[in-house]
Amino acid sequence: AQGWLARHVADHSAVHHLCLLAEHLDQLELTPGVSAPVDSEASLPSTYVALCAKQAQELCMRSPAHEALWLYLRRSTSAAPAALRVRDQAHIGPEPGPEPKTQKEKANLASKDAEVEAVAQKTLLDAKRGCESEASTEAHIIARHAATFLLWRMRSVSASTTIAEHLTEL
């Protein structure tokens with residue numbers, strides 16, 4: 001499915017299908033396998049949702065004018081915390097808490113979130129420069145997609161913070 005999406009970057013239904021599939025595989029606690037040679041410096045994501053987020057980021061950098069790819073990035077990055085919550089719930093019980101690996105995954109997720117935001121910000125700035133120097137509509141489209149993604153991230157982060165504050169008050 002990821003290969004299809006890489007070749008058909010405007011396919012909204014492929015994005016939806018791939019994200020649903022990744023979420024279900026993560027609920028089954030399956031781990032992505034290696035189907036191609038892996039670069040020794042690059043680590044394989046620990047969940048299918050994280051694998052989708054990585055691909056979505058790469059595709060957005062390569063083809064930023066396609067709205068489906070920004071929605072893919074949005075869906076895959078918002079689903080990643082849910083995948084970790086499912087894994088955390090498996091550790092509730094006699095054990096004192098999540099394994100250190102889970103804490104490491106959470107720290108890695110925060111780092112990946114910052115990386116995704118940096119890519120979107122760079123894309124927005126590059127597109128803004130393109131809007132100022134060209135009469136092309138593509139730069140305006142790219143700027144709109146990147147700005148919409150960043151606004152969504154800001155709203156989701158502030159909503160998460162507000163929810164977390166309310167939960168700690170309880």
Over all heavy atoms of both residues, which pair between [X] and [Y] is shortest? Give the atoms and the distance, please.
X: Ala53; Y: Leu73; result: O-CD1, 3.9 Å
X: Pro64; Y: His145; result: O-CD2, 3.8 Å
X: Ala143; Y: Ala127; result: N-CB, 3.6 Å

Query raised in the report: Can you check whether Tyr72 reaches Gln55 side chain to side chain, under 4.5 Å on heavy atoms?
Result: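 In short, these two side chains touch, coming nearer than 4.5 Å.
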**Report entry** Non-hydrogen side-chain atoms of Thr77 and Trp152 separated by less than 4.5 Å
**Finding:**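 Thr77 reaches Trp152 side chain to side chain.
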To the closest 0.5 Å, what do you measure between [atom1] ([X]) and [atom2] ([Y])?
X: Glu138; Y: Cys131; atom1: CD; atom2: SG; result: 10.5 Å
X: Leu5; Y: Leu69; atom1: CG; atom2: CG; result: 6.0 Å
X: Arg144; Y: Thr137; atom1: CZ; atom2: OG1; result: 10.0 Å
X: Cys60; Y: Glu67; atom1: SG; atom2: CD; result: 11.0 Å
X: Leu51; Y: Ser76; atom1: CG; atom2: OG; result: 10.0 Å

**Report entry** Listed once per pair and sorted, the side chain to side chain donor-acceptor pair (under 3.5 Å) pairs that draw on residues 9-23, sequence neighbours left out
**Finding:**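 Output for this query lists Trp4-Asp11, Asp11-Ser13, His16-Arg75, Glu23-Arg75.
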Using atom types as modelled and distance alone, determine if a side-chain donor or acceptor of [X] lies under 3.5 Å from a backbone N or O of [Y].
X: Asp26; Y: Val49; result: yes
X: Trp70; Y: Ala146; result: no
X: Ser63; Y: His66; result: no

**Report entry** Greater than 12 external heavy atoms within 6.0 Å of Glu115's CD
**Finding:**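 Atom CD in Glu115 is crowded, with more than 12 foreign heavy atoms closer than 6.0 Å.
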Requested in this report: Answer with yes or no whether the hydrophobic clustering places Phe149 together with Ile142; edges join I, L, V, M, F, W, Y residues whose side-chain heavy atoms lie under 4.5 Å apart.
Outcome: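 Result: no, two separate clusters.
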Query raised in the report: Are Val15 and Leu59 connected in the hydrophobic side-chain network, where two residues link if heavy atoms are under 4.5 Å apart?
Result: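 Yes: a chain of side-chain contacts under 4.5 Å links Val15 to Leu59.
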Let me check something: any side-chain donor-acceptor pairs from residues 117-125 under 3.5 Å, sequence neighbours excluded? List them with distances.
from: Glu117; atom 1: OE2; to: Arg153; atom 2: NE; distance (Å): 3.2
from: Glu117; atom 1: OE2; to: Arg153; atom 2: NH2; distance (Å): 3.1
from: Lys122; atom 1: NZ; to: Asp126; atom 2: OD2; distance (Å): 2.7
from: Thr123; atom 1: OG1; to: Val119; atom 2: O; distance (Å): 2.8

Report task. Verify side-chain contact (heavy atoms from CB on, under 4.5 Å) between Leu21 and Tyr48, making sure each step is shown before the conclusion. Result -> CA-CA 9 Å; Leu21 184 62; Tyr48 283 96; over 6 Å; no
